[in-house]
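Quick notes on the structure that follows.
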2 protein chains.
Amino acid sequence: MAETKPQTIYDIARLAEASPSTVSAALNGNWKKRRIARATVERIQRIASEHGYSANQQARALRTAKSGLVGMILPQHDNRFFSSVGQCFSNEARARGGLPAIVSTRRERDQEVEAVRQLISYSVDALMLVGTTHPEELSAICRAENVPHVFVDQPCQGAPSVVTDNRGGARALAEILLQAAPDAGEADTVFLGGNADLPATSLRILGYQDALRSAGRQGRVIACGYRRAPTRDALTREYERRGRLPEVLLVNSIGCLEGVLEFLVTLPLDEVDQCQLGSFDFDPFGRLLRHPIPMVRQRADELIRVAYDHLDGGTWSRDSFDPIIVAPELILPDDDHFTRVNQPALPVG
Amino acid sequence: MAETKPQTIYDIARLAEASPSTVSAALNGNWKKRRIARATVERIQRIASEHGYSANQQARALRTAKSGLVGMILPQHDNRFFSSVGQCFSNEARARGGLPAIVSTRRERDQEVEAVRQLISYSVDALMLVGTTHPEELSAICRAENVPHVFVDQPCQGAPSVVTDNRGGARALAEILLQAAPDAGEADTVFLGGNADLPATSLRILGYQDALRSAGRQGRVIACGYRRAPTRDALTREYERRGRLPEVLLVNSIGCLEGVLEFLVTLPLDEVDQCQLGSFDFDPFGRLLRHPIPMVRQRADELIRVAYDHLDGGTWSRDSFDPIIVAPELILPDDDHFTRVNQPALPVG
DNA sequence: CGATTCTGCGCAATCGATGGTGCAGAATTG
DNA sequence: CAATTCTGCACCATCGATTGCGCAGAATCG
């Protein structure tokens with residue numbers, strides 16, 4: 001027990017009076033092919049477990065070119081959606097005996113490239129690339145090194161991708177809001193937040209427009225980025241210019257929602273009450289507002305599950321690389337599983 | 001460019017007309033000791049970078065017993081505090097050229113033990129253990145394998161730990177709330193949430209009591225666990241029993257705060273207005289409530305920075321293992337910037 | 001000019017696990 | 001009983017990078 005230091009296959013071999021190759025075969029399951037006697041196998045396994053032996057993964061990886069490491073590139077950990085993605089990835093990776101290595105790269109190209117290179121230098125068995133800004137470049141690196149990979153949340157030309165149904169989700173959310181404000185005109189119907197150059201936002205805008213069109217109505221788009229403060233300021237300017245809030249306000253992304261609420265709390269309650277608010281992205285606090293708001297929640301679990309199946313199903317080397325689409329959840333205030341008493345009073349507003 | 005497949009030190013050696021050992025020396029900086037001519041070094045480096053060579057980390061790790069991997073055990077990714085810890089860890093690890101491997105273990109003993117073993121089998125250079133439930137057991141494993149490690153957010157006997165000043169933070173928060181409700185009696189002064197058996201909660205309770213004592217007042221504690229629904233129910237029962245809300249309510253942890261708000265939104269506004277609410281743990285939505293509430297934010301960045309310094313400063317093998325205490329921030333509703341709690345570090349235990 | 005000291009670099013062993021190959025001895029067959 | 005087939009296992013090369021050691025040839029010294 002004191003000399004637990006040198007725990008190699010050779011130590012076990014000596015203790016079990018067998019050769020290293022026999023020990024190796026006994027411990028990794030292919031002793032059948034190598035015709036090792038069952039008694040020998042059991043003796044070796046017993047000794048190995050008594051001594052808490054576990055194989056040096058570096059050596060194994062060097063020999064077999066399979067490391068057991070699975071890499072993920074993520075914009076950031078500290079974000080509700082991405083942290084949830086990280087959680088699901090960690091679960092899946094470990095369920096399959098792998099070791100997750102998650103690297104956050106802040107949506108910066110250089111960091112993304114460096115992280116991919118670093119992960120590859122560790123011989124990762126596969127790579128999952130979430131919300132990256134330069135998918136094609138990263139995919140080229142992976143392809144050159146022959147590393148299986150899949151993109152999540154952001155599609156990539158010529159590589160497998162799994163993304164949320166941004167368009168469908170936005171459309172469903174917009175329909176809810178439009179129904180609640182049947183008389184809102186174009187000027188009073190607003191999609192707020194996000195970056196229209198990125199696929200996610202542009203698809204959500206399309207979904208919003210789908211809903212408008214099928215209701216025979218019109219609306220506006222203010223794509224002011226993903227950050228809190230600029231969104232707050234954009235809404236403030238809008239309010240000051242028109243003297244009132246929009247009647248329909250579809251907020252794109254959780255950071256933007258915070259910005260919107262920051263402004264709304266400065267207004268009289270009855271003005272806020274006139275505004276049909278919805279959010280594409282989920283935060284539990286959304287249910288705690290004066291009027292709980294409808295939210296679209298991306299299904300991190302499904303995204304990762306599908307992406308992973310894709311990797312070890314080998315589907316990743318198909319002919320066509322059309323993105324796989326995962327439907328998000330629409331979370332409505334009234335299918336809340338907690339029954340609310342009386343008319344809601346409000347922490348917010 | 002097409003044949004980027006076999007990128008080993010031998011390939012580079014052939015291209016540079018040198019031997020593998022020379023290439024190795026040239027690329028990892030110790031060519032000075034090995035008396036390699038500067039011209040040779042430059043030729044090798046040029047060729048290596050032209051071909052995008054980077055060393056196989058498994059092979060290097062096998063030889064040197066240093067992997068560059070740094071492991072972290074975390075209860076979960078999808079939590080504001082822990083995801084922030086993960087983010088800081090990832091930043092620090094990569095700044096030092098390491099590869100972060102973060103494993104979430106759901107506060108379950110078996111998962112914690114297995115994860116530590118798994119990480120060790122990858123020859124991690126160091127291990128950071130955050131919010132674990134069985135620190136002593138994990139520390140014993142690390143010690144047996146001679147792996148440097150440090151605990152964060154949860155102290156461990158006989159191992160280095162870095163923790164938030166829970167007592168000081170809770171005291172500062174309680175003082176704010178008590179001042180705002182100078183006449184609240186014992187029955188109307190409540191600390192709600194958490195698990196009194198765990199060090200974090202019990203220290204926060206002590207801090208709350210410190211504040212009470214120095215104000216010559218009394219209060220109660222309801223430690224109903226860390227989860228949302230039980231907290232909501234506990235507050236509901238309290239309200240029904242006494243016919244009103246407490247005048248001072250210090251909520252312990254972010255999940256509990258959600259539970260509290262879930263109940264508060266069912267009450268008339270004026271009742272809610274009577275209650276001085278504060279939260280130990282930060283959520284940006286806390287600033288967006290009808291009355292923005294004071295919150296204590298643990299400084300994930302500091303915790304990790306100190307823990308990391310500890311690891312590579314070698315401080316981790318000192319004589320005494322008193323936890324290192326990091327002061328949290330007190331975030332007040334009326335501040336735009338954050339106030340630092342400046343309490344003397346109190347002994348943990 | 002022979003002896004010593006540098007310079008510059010290559011040889012080969014090593015880290016630990018794996019798997020192709022082959023060799024004894026036992027069991028079976030003709 | 002000799003020939004063949006099976007069993008059970010050990011030997012050894014290998015993965016790629018590192019490093020102790022040592023060997024040529026050039027430079028310097030006496």
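Every chain is numbered from 1 and lettered A, B, ... according to where its sequence line falls, protein lines coming before strand lines.
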When you check the phosphate oxygens OP1 and OP2 of [N], does a side-chain N or O of [X] lie under 4.0 Å from one of them?
X: B:Thr22; N: C:dG10; value: yes
X: B:Ser21; N: C:dC11; value: no
X: B:Arg60; N: D:dT18; value: yes
X: B:Tyr53; N: D:dA17; value: yes
X: A:Ser19; N: D:dC9; value: no
X: A:Asn30; N: C:dG19; value: yes
X: B:Asn28; N: D:dT18; value: yes
X: A:Thr8; N: C:dG16; value: no

message: Counting neighbours of CD on B:Glu136 that are heavy atoms of other residues, nucleotides or ligands and sit closer than 6.0 Å, is the number greater than 12?
response: yes
query: Hey, does the side-chain of B:Arg63 have a donor or acceptor N/O within less than 3.5 Å of a partner on the base of C:dG16?
result: no
Atom-pair distance ([atom1] on [X]; [atom2] on [N]), nearest Å:
X: B:Lys66; N: D:dG16; atom1: NZ; atom2: P; answer: 24 Å
X: B:Lys33; N: C:dG10; atom1: NZ; atom2: C1'; answer: 19 Å
X: A:Arg35; N: C:dG22; atom1: CZ; atom2: P; answer: 13 Å
X: B:Ile9; N: D:dC15; atom1: CD1; atom2: P; answer: 14 Å
X: A:Leu62; N: C:dA17; atom1: CG; atom2: P; answer: 12 Å
X: B:Lys32; N: C:dC6; atom1: NZ; atom2: C1'; answer: 15 Å
X: A:Tyr122; N: D:dC15; atom1: OH; atom2: P; answer: 22 Å
X: A:Arg34; N: D:dC11; atom1: CZ; atom2: P; answer: 13 Å

- request: For B:Ala18, answer base if it contacts any base atom (sugar-phosphate contacts may also be present), sugar-phosphate if it contacts only those atoms, and nothing otherwise; contact means non-hydrogen atoms under 4.0 Å.
  value: sugar-phosphate
message: Mind checking if A:Ala65 touches a base, just sugar-phosphate, or nothing, with heavy atoms under 4.0 Å?
response: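 No contact.
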message: By nearest heavy atom, map A:Arg43 and B:Ala55 onto DNA chain D; which one lands nearer the 5' end?
response: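 Closer to the 5' end of DNA chain D: A:Arg43.
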Sidechain-backbone polar pair: [X] side chain, [Y] backbone, donor-acceptor under 3.5 Å:
X: A:Arg43; Y: A:Ala16; result: yes
X: A:His149; Y: A:Val147; result: yes
X: A:Asn30; Y: A:Lys33; result: no

Nearest heavy atoms of A:Pro20 and A:Ile9, plus distance in Å: O-CD1, 3.6 Å
- request: On DNA chain C, check which nucleotide each of B:Ala59 and B:Arg38 is closest to and give me the residue with the more 5' one.
  value: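 Its nucleotide being nearer the 5' end, the pick is B:Arg38.
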task: Would you indicate which nucleotide in C:dC9, D:dA17, C:dG16 comes nearest to any side-chain atom of B:Asn56?
output: D:dA17
query: What's the closest nucleotide to the A:Ala37 side chain, out of D:dA17, D:dC9, C:dC9?
result: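 Among D:dA17, D:dC9, C:dC9, the one nearest the side chain of A:Ala37 is D:dC9.
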- prompt: For residues B:Ser19 and B:Thr22, is any side-chain donor paired with an opposing acceptor at under 3.5 Å?
  reply: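 Note: B:Ser19 and B:Thr22 side chains meet the donor-acceptor criterion.
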